[in-house]
Amino acid sequence: MSQQDYATLNRTNDKMPLCGFGCWKVENNIAEQLIYDAIKAGYRLFDGACDYGNEVEIGKGIARAIKDGLVKREDLFVVTKLWNTYHNKNHVRDAFEKQRKELGLDYIDLYIIHFPVPLKYVAPDQAYPPGWYPPSGPQKLEFERSPMYECWAEMERLVDDGLTRNIGISNFNVQAILDLLTYCKYKPATLQVEIHPYLQQKRLVEWVQEQGIQITAYSSFGPGSYIALTNDGKTASPLFEHDIIKSIGQKKGKTPAQVLLRWAIERKLAVIPKSNHEERMKLNRDLFSWSLDNEDKKQIDGLEKGLRFNGKRIVS
Ligand SMILES: NC(=O)c1ccc[n+]([C@@H]2O[C@H](COP(=O)([O-])OP(=O)(O)OC[C@H]3O[C@@H](n4cnc5c(N)ncnc54)[C@H](OP(=O)(O)O)[C@@H]3O)[C@@H](O)[C@H]2O)c1
């Protein structure tokens with residue numbers, strides 16, 4: 001039994017792999033080799049961002065894999081994201097072009113607005129990546145009066161100019177998407193949001209899927225990814241050690257990580273796990289030749305806690 005491992009995106013009909021490799025917190029000194037190894041392990045989608053500060057090294061890993069004949073450019077699906085300080089219509093193009101050049105690519109497969117949060121412009125020679133707060137002064141968010149319809153029109157121009165094949169959004173809620181759908185020329189191909197058993201986002205998922213927008217779940221393992229950043233990760237027991245997840249894994253002969261990723265795949269979500277370890281990297285992709293039982297899914301559905309780990313930093 002082997003299941004379809006890609007989603008077909010609206011407008012372009014591009015095939016987006018349902019399991020990609022996340023590039024957040026991939027250290028610069030290992031990024032090139034890790035991306036190369038991930039390609040060797042079969043990953044074809046890479047989820048990056050300006051904010052991750054590692055696009056030069058990711059680009060090198062991709063270039064080396066292509067040069068060594070592991071893949072062709074057209075076999076890969078490269079995703080990256082517009083940072084908040086570049087939402088202004090005068091900065092979207094330059095920000096995109098800097099990222100495209102750092103990645104060393106002729107085109108991007110999917111360019112995403114990272115957060116629906118326009119922040120005051122920071123020139124790249126002041127700070128890059130700029131992060132959430134101004135480079136000098138108090139650690140306080142400085143918003144910019146830059147409307148989303150202008151930002152989105154610039155994203156659409158990148159499509160028209162053949163620089164990115166698809167455009168998408170991240171961390172938008174239903175209201176923000178509904179508004180975008182009232183004026184867009186091209187609707188978003190994808191929405192990337194935090195989803196795991198402690199934050200299942202059922203109503204959002206149902207509504208967004210009805211709009212023909214593919215959802216990518218990030219932080220599929222829940223709190224684990226956030227412990228190093230804040231204390232938030234400690235407010236719920238680690239999903240890898242949860243009895244329900246462990247016992248389903250034991251029954252199926254799979255790791256807890258695979259159970260969590262497969263649960264997302266069965267909801268027709270794409271996933272983008274990150275791992276520095278080769279063995280985990282390989283197992284995290286083994287999601288399409290087995291399935292969860294209905295009672296397993298019911299048990300996992302029962303873990304909902306409305307617990308969001310990413311985002312608290314915005315308001316703290
Ligand atoms: N759009 C957004 O705002 C947003 C926000 C957050 C994340 N993302 C994207 O989503 C991707 C994934 O989310 P995430 O970074 O939160 O991380 P994640 O993939 O949910 O979790 C990564 C953590 O899990 C560990 N891990 C991975 N596979 C494992 C396994 N099989 N067994 C045990 N531990 C395992 C990793 O450790 P090791 O590396 O040591 O294996 C790492 O500590 C990011 O890389 C990024 O591309 C997007």
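Note that these values count all heavy atoms, side chains included, but never hydrogens, waters or copies made by symmetry. Numbering of ligands and ligand atoms starts at 1, following listing order.
Judged as a side chain to side chain contact (heavy atoms under 4.5 Å, CB included), and not counting sequence neighbours, the contacts of D286 are K254, Q258, S289, W290. The salt bridge (charged side-chain N to carboxylate O under 4.0 Å, His left out) test applied to K185 returns D160, not counting sequence neighbours.
Under a cut-off of 6.0 angstrom, the local environment of NZ in K268 is sparse, with at most 12 non-hydrogen atoms contributed by other residues, nucleotides or ligands.
Put simply, NZ on K202 and CG on D301 are 4.0 Å apart, with the number rounded to the nearest 0.5 Å.
Residue pairs meeting the ring pair (Phe, Tyr, Trp, His ring centres under 6.0 Å) criterion with at least one member in residues 84-110, sequence neighbours excluded, are H91-Y121, F96-Y111.
Enumerated by chain and number, the residues approaching ligand 1 to less than 4.0 Å through a heavy atom are G22, C23, W24, D47, Y52, K81, H114, F115, S170, N171, Q192, Y218, S219, S220, F221, S225, Y226, F240, A257, I272, P273, K274, S275, N276, H277, R280, N284, N310.
Taking the six-membered ring where the residue is Trp, H196 and F309 present tilted rings, their angle falling between 30° and 60°.
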